[in-house]
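Model, not experiment: these values are computed from the prediction.
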2 protein chains.
Amino acid sequence: MKHTDKGHIFTEIVLEVFKLSGLLITEGDKITETNGLSSARWKILGALARSTTPLTVSQIARVMGQTRQAVQSLVNIMNKGGLLDFIDNPAHKRAKLVCFTTKSQQIYAKLDAEQIPWANQQSGHLDKTELQATLTILKKISRGLSYSD
Amino acid sequence: MKHTDKGHIFTEIVLEVFKLSGLLITEGDKITETNGLSSARWKILGALARSTTPLTVSQIARVMGQTRQAVQSLVNIMNKGGLLDFIDNPAHKRAKLVCFTTKSQQIYAKLDAEQIPWANQQSGHLDKTELQATLTILKKISRGLSYSD
DNA sequence: ATATAATTGACAACATATTGTCATATTGAC
DNA sequence: GTCAATATGACAATATGTTGTCAATTATAT
């Protein structure tokens, strides 16, 4: 069997996603390194910031496409470091809700102040319609895949 | 400062790339698990398969957007497991060229036989023009980012 | 040709992430 | 309401990946 035209492009996209993920982590580490953070920890804060309601560890993991164990580990470390708080979850005795602290709010705002001009600059020479199409396609691909846990 | 329209979409793409990368690794692990491989090792073979010339470890790392140390580690393990061979590189005394073995050729062919219908199926309901735009955009983003080593 | 810079393999320390397992909590079928 | 299935936190083992460093090799500038 051979790839269809679309199957071929799809495969190239998959490989490019892997590559880009590695490069973006490196880029994020550069931005966060002076704040005692890392890409992985910044992403946790980002998941919280983008949610309208507080999230549990499991919910964060699903938003991020990772296992709850990986997220739990980071969240616990960040909690010890004063970057995250747990508050009681009325809907679940064990699954607490994860929240920003004052400290992490400040750091996150600072990181945003660096990320925004970076994103604007990186996307400046890219076509808006193509960017929109890219986001649409990536989301559709994600939707068809299952979680590991 | 605020995100431009394009900067906003760009940021969403970045987060979706992280998520998708995690989901795709899980998917790849499912496909490879019966063959004593993993996503990470399959990607090494893929990088070699897609190149017209044999590659050094550093070259593989650059193609994959990872550090040479990470790739070196996997390549050494795979070499011990009979999945990769080193051959002398006329252009460099230490940097050997990495090659398939008969064993890895067979496994890779088998994985391809699973990946192809999967990619065709996953992309079946997606628009070809949008897929092409996605690949173009992702490659352009990669090009603007630097390697960690 | 020589000196300097960049590349590469090797090794170690550490960060990040998956898999497996267990006990506890919640959900859903009946 | 009961019971099975599912979801969750905790913990351990392992795989994957980055950073830092050193010595050896190659490339580059002069």
A.B. asks: Can you check the B/Arg94 CZ to C/dC11 C1' distance for me, whole Å?
C.D. replies: 12 Å
A.B. asks: Rounded to the Å, how far apart are B/Phe86 CZ and C/dG9 P?
C.D. replies: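 Distance check: B/Phe86 CZ to C/dG9 P gives 9 Å.
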A.B. asks: Quick one: side chain to side chain donor-acceptor pair (under 3.5 Å) pairs with a partner in residues 45-58 of chain A, sequence neighbours left out?
C.D. replies: A/Arg50-B/Glu12, A/Thr56-A/Gln59
A.B. asks: Using a 4.0 Å heavy-atom cut-off, does A/Ser38 contact any base of the nucleic acid, only the sugar-phosphate backbone, or nothing at all?
C.D. replies: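 Sugar-phosphate contact only - A/Ser38 comes under 4.0 Å of backbone atoms but never of a base.
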A.B. asks: In the hydrophobic clustering that connects Ile, Leu, Val, Met, Phe, Trp and Tyr at side-chain heavy-atom distances below 4.5 Å, which members other than B/Val63 occupy its cluster, ordered by chain and number?
C.D. replies: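 Its cluster mates, by chain and number: none.
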A.B. asks: What side-chain donor-acceptor pairs closer than 3.5 Å can you find for residues 71-83 of chain A, not counting sequence neighbours?
C.D. replies:
from    : atom 1 : to      : atom 2 : distance (Å)
A/Gln72 : NE2    : A/Asn76 : OD1    : 3.3
A/Asn76 : ND2    : A/Gln72 : O      : 3.4
A/Asn79 : ND2    : A/Leu84 : O      : 2.8

A.B. asks: Check the interface with nucleotides 17-22 of chain C: list each N/O to N/O pair with the protein under 3.5 Å, or write none.
C.D. replies:
from   : atom 1 : to      : atom 2 : distance (Å)
C/dA17 : OP1    : A/Gln66 : NE2    : 3.0
C/dT18 : OP2    : A/Thr67 : N      : 2.9
C/dT18 : OP2    : A/Thr67 : OG1    : 3.0
C/dG20 : O6     : A/Gln69 : NE2    : 3.0

A.B. asks: Provide, to the nearest angstrom, the distance between the CE atom belonging to A/Met78 and the P atom belonging to C/dA15.
C.D. replies: 14 Å
A.B. asks: Sorted by first residue and then second, give each salt bridge (Lys or Arg N to Asp or Glu O under 4.0 Å) pair with at least one member in residues 81-97 of chain A; sequence neighbours left out.
C.D. replies: A/Asp88-A/Lys96
A.B. asks: When the axes are fitted on five pairs at both termini, how much does the helix from C/dA1-D/dT30 to C/dC30-D/dG1 curve, in 10° steps?
C.D. replies: 60°
A.B. asks: My understanding is that only residues two or more places apart in sequence, or in another chain, count here; which of them pass side-chain contact (heavy atoms from CB on, under 4.5 Å) with B/Ser21?
C.D. replies: A/Val17, A/Phe18, A/Ser21, B/Ile25
A.B. asks: By the rule that ILVMFWY residues connect when side-chain heavy atoms come within less than 4.5 angstrom, directly or transitively, which residues belong alongside B/Ile116?
C.D. replies: A/Met1
A.B. asks: If the condition is ring pair (Phe, Tyr, Trp, His ring centres under 6.0 Å), which residues does B/Phe100 pass it with, not counting sequence neighbours?
C.D. replies: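 Listed in chain order: B/Tyr108.
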A.B. asks: Using every non-hydrogen atom in the two residues, find where A/Leu45 and A/Ser104 come nearest and quote the distance to one decimal.
C.D. replies: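 Closest approach of A/Leu45 to A/Ser104: CD2-CB, 4.1 Å.
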A.B. asks: What are the bounds, 5' to 3', of the part of DNA chain D that sits under 4.0 Å from heavy atoms of chain B?
C.D. replies: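 It runs D/dT16 to D/dT26.
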A.B. asks: Taking only residues two or more places apart in sequence, or in another chain, which ones meet A/Lys30 in a salt bridge (Lys or Arg N to Asp or Glu O under 4.0 Å)?
C.D. replies: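 Partners of A/Lys30 by the salt bridge (Lys or Arg N to Asp or Glu O under 4.0 Å) criterion, ordered by chain and then number, come out as A/Glu27.
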A.B. asks: On the nucleotide C/dT16, are OP1 or OP2 found under 4.0 Å from the side-chain N or O atoms that A/Ser39 carries?
C.D. replies: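 No, outside the criterion.
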A.B. asks: Could you tell me which residues satisfy salt bridge (Lys or Arg N to Asp or Glu O under 4.0 Å) with A/Lys128, sequence neighbours excluded, listed by chain and number?
C.D. replies: B/Asp5
